[in-house]
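One-based numbering, in listed order, for ligands and for the atoms of each. Every heavy atom of this structure was used, including side-chain atoms; hydrogens, water molecules and symmetry mates were not.
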Amino acid sequence: MKSETNNSILIIGGGLIGLSIAYEFARNKFKVEVLSKNRSESAGFVAAGMLATHAEGLEDELLKFGQQSQNLIPEWIKNIEKDSGINCGLKKCGIVVPFKDIKTLKEFPNYKYGKYLNHKNLRKEITGINEKWAHGLLFEQDGQIDNRRRLMRALERACSLQGVKFQEGSEVKELIQENNKILGAKVFSATGETKNIFCKTVILCCGAWSKKVLHNLPIFPVKGQMLSIQGPENSMKRILFGPNTYLVPRDDGLIVVGATVENKAEFNQGNTPKGINQLQEGIKSLLPEALSWPQMEHWWGFRPCTPDLKPIIGKSDISNLYLATGHYRNGVLFSAITSDIIFKLIQEETLNNIETNFLKKFSLNRF
Ligand SMILES: Cc1cc2nc3c(=O)[nH]c(=O)nc-3n(C[C@H](O)[C@H](O)[C@H](O)COP(=O)(O)OP(=O)(O)OC[C@H]3O[C@@H](n4cnc5c(N)ncnc54)[C@H](O)[C@@H]3O)c2cc1C
């Protein structure tokens with residue numbers, strides 16, 4: 001067994017949250033090392049990239065958390081784009097939520113943040129929407145990032161150029177703990193070696209797999225299947241967010257369609273006929289003509305879920321171990337605020353009242 005010493009910040013998991021945190025530390029001149037089991041399984045490459053604070057119907061502290069992250073995102077993306085040279089496809093394109101009747105619309109949690117669309121105006125916003133949708137709410141403040149094709153690559157590139165050391169294909173099997181401190185991690189590398197990596201500070205960002213490293217974490221996978229279709233250019237400008245399916249139009253006419261929510265699929269890989277069929281039914285129910293548009297790709301991934309659907313962010317009971325996991329359906333949206341909070345915590349910078357309040361709600365102590 002080989003042994004290595006490293007005093008840098010050690011990030012376990014090179015998915016969306018791990019990369020966001022790595023970037024925050026690296027651009028502030030820290031030495032950062034990222035251990036990543038398998039970059040391509042990261043939900044960061046799976047997500048639709050919606051910034052759907054209001055359209056998702058987030059409530060209470062999750063709503064405030066999302067709103068604060070959404071405020072941070074333009075500056076955050078500007079820095080990533082500057083450091084990577086890659087445009088991340090951030091667009092405040094607005095999200096339309098359709099309703100069959102006015103009663104359901106008025107019961108929608110974020111009703112007051114939306115602009116009401118009657119039958120005619122709904123069709124102005126979404127050409128070709130199914131006749132069964134009579135009303136809509138337009139959340140102009142919501143939008144999207146092209147995470148799958150751009151943001152993940154931009155983060156990886158910005159991190160690399162800022163000196164982050166990546167060990168791809170390195171699975172952390174266990175943390176090496178002495179008393180109340182993590183000394184390092186036992187790692188199984190891509191070349192079949194086992195080695196120990198020592199560090200001062202560890203941040204656990206293993207997404208849906210987090211429980212495999214820290215067994216007491218209440219995290220479980222919720223599988224999501226997705227597909228994409230190629231629409232005519234400018235066929236859709238807004239995201240259309242239906243009850244079971246959403247359509248997210250990218251700049252080049254590609255439309256990302258998601259997603260199944262499978263609580264019992266565990267880590268079962270692959271698309272299924274049932275999953276794809278559900279997405280096609282969803283397209284038919286929202287925008288019937290899009291059923292004839294060519295299908296481009298289909299894929300799947302695992303959302304990191306907690307029992308109360310809130311992320312786990314902050315310091316653990318162990319003095320030098322921090323947690324940033326459980327972002328469930330909103331990891332893209334929450335990435336900016338998560339990296340900001342973890343950086344401030346480790347730097348012992350003063351958090352504002354809102355952040356302190358979030359931390360109480362999102363800490364592991366709540367379970
Ligand atoms: C179908 C679907 C649609 C989604 N749509 C949206 C959306 O529109 N908007 C939004 O905001 N969010 C969305 N999300 C959620 C978002 O993708 C996740 O919340 C986010 O990616 C979580 O980031 P993460 O870094 O915690 O996990 P991941 O991105 O999954 O990364 C975890 C990484 O850790 C690595 N890892 C695991 N175990 C170990 C180990 N032992 N050692 C080393 N590395 C390890 C894995 O290989 C993986 O690369 C969606 C998710 C899915 C699945």
Subset of ligand 1 atoms that lie under 4.0 Å from at least one heavy atom of [X]:
X: Leu35; value: 43 (C), 44 (N)
X: Ala47; value: 3 (C), 4 (C), 5 (N), 6 (C), 13 (C), 14 (N), 17 (O), 50 (C)
X: Asn330; value: 10 (C), 11 (O), 12 (N)
X: Tyr246; value: 3 (C), 5 (N)
X: Cys205; value: 32 (C), 34 (O)
X: Gly13; value: 34 (O), 35 (C), 44 (N)
X: Glu171; value: 41 (N), 42 (N)
X: Met226; value: 1 (C)

Based purely on interatomic distance, does [X] place a nitrogen or oxygen under 3.5 Å from a nitrogen or oxygen of ligand 1?
X: Thr325; result: no
X: Met50; result: yes
X: Gly44; result: yes
X: Gly49; result: yes
X: Leu16; result: yes
X: Ser36; result: no
X: Phe302; result: no
X: Gln225; result: no
X: Tyr328; result: yes
X: Ala48; result: yes

Heavy atom of the protein closest to [atom] (residue, atom name, distance):
atom: atom 38 (N) of ligand 1; value: Lys37 CE, 3.4 Å
atom: atom 28 (P) of ligand 1; value: Ala43 N, 3.4 Å
atom: atom 12 (N) of ligand 1; value: Arg329 O, 2.8 Å
atom: atom 51 (C) of ligand 1; value: Arg303 CG, 3.6 Å
atom: atom 27 (O) of ligand 1; value: Gly207 CA, 3.4 Å
atom: atom 47 (O) of ligand 1; value: Glu41 OE2, 2.5 Å
atom: atom 16 (C) of ligand 1; value: Gly331 N, 3.8 Å
atom: atom 42 (N) of ligand 1; value: Val172 N, 2.9 Å

Rounded to the nearest 0.5 Å, how far apart are [atom1] of [X] and [atom2] of [Y]?
X: Leu105; Y: Leu117; atom1: CG; atom2: CG; result: 9.0 Å
X: Gln67; Y: Leu58; atom1: CD; atom2: CG; result: 9.0 Å
X: Arg148; Y: Ser228; atom1: CZ; atom2: OG; result: 7.0 Å
X: Tyr246; Y: Leu286; atom1: OH; atom2: CG; result: 12.5 Å
X: Asn196; Y: Glu174; atom1: CG; atom2: CD; result: 8.5 Å
X: Ser69; Y: Asn330; atom1: OG; atom2: CG; result: 9.5 Å

request  = Give the cluster check for Ile255 versus Ile145: same hydrophobic cluster or not, with ILVMFWY residues linked at side-chain heavy-atom distances below 4.5 Å.
outcome  = no

Please work out whether any backbone atom (N, CA, C, O) or any side-chain heavy atom from C-beta onward of [X] is under 4.0 Å from ligand 1, and answer side chain, backbone, both or neither.
X: Ser170; result: backbone
X: Val46; result: side chain
X: Ile12; result: side chain

request  = Give the C-alpha distance, both sets of side-chain angles, the deciding distance and a yes or no for salt bridge (Lys or Arg N to Asp or Glu O under 4.0 Å) between Glu156 and Arg39.
outcome  = CA-CA 10 Å; Glu156 285 175 340; Arg39 76 189 269 282; 2.8 Å; yes

ask   = Taking the six-membered ring for Trp, are Phe267 and Trp209 ring centroids under 6.0 Å apart?
value = yes

ask   = Are Phe65 and Phe362 near enough that their ring centres are under 6.0 Å apart?
value = yes

Salt-bridge present (Arg366, Asp308; N to O < 4.0 Å) = yes

query = Which is it for Asp60 and Lys310 under the salt bridge (Lys or Arg N to Asp or Glu O under 4.0 Å) test, yes or no, and what are the steps along the way?
reply = CA-CA 11 Å; Asp60 307 322; Lys310 290 177 191 152; over 6 Å; no

inquiry  = Run Glu262 and Gln225 through side chain to side chain donor-acceptor pair (under 3.5 Å) and show every step you take.
reply    = CA-CA 9 Å; Glu262 301 169 55; Gln225 301 188 46; 2.9 Å; yes

query = Between the side chains of Lys274 and Thr260, does any donor sit under 3.5 Å from an acceptor?
reply = no

inquiry  = Do Thr53 and Gln141 pair up side chain to side chain, a donor and an acceptor below 3.5 Å, judged on atom types alone?
reply    = no

inquiry  = Once salt bridge (charged side-chain N to carboxylate O under 4.0 Å, His left out) is applied, do any residues pair with Glu355, and if so which ones, sequence neighbours excluded?
reply    = Lys344

ask   = Counting heavy atoms only, which of Pro304, Ala208, Pro221 comes nearest to atom 22 (C) of ligand 1?
value = Pro304

request  = Check whether any side-chain heavy atom of Phe166 sits under 4.5 Å from a side-chain heavy atom of Ser36, and report yes or no.
outcome  = no

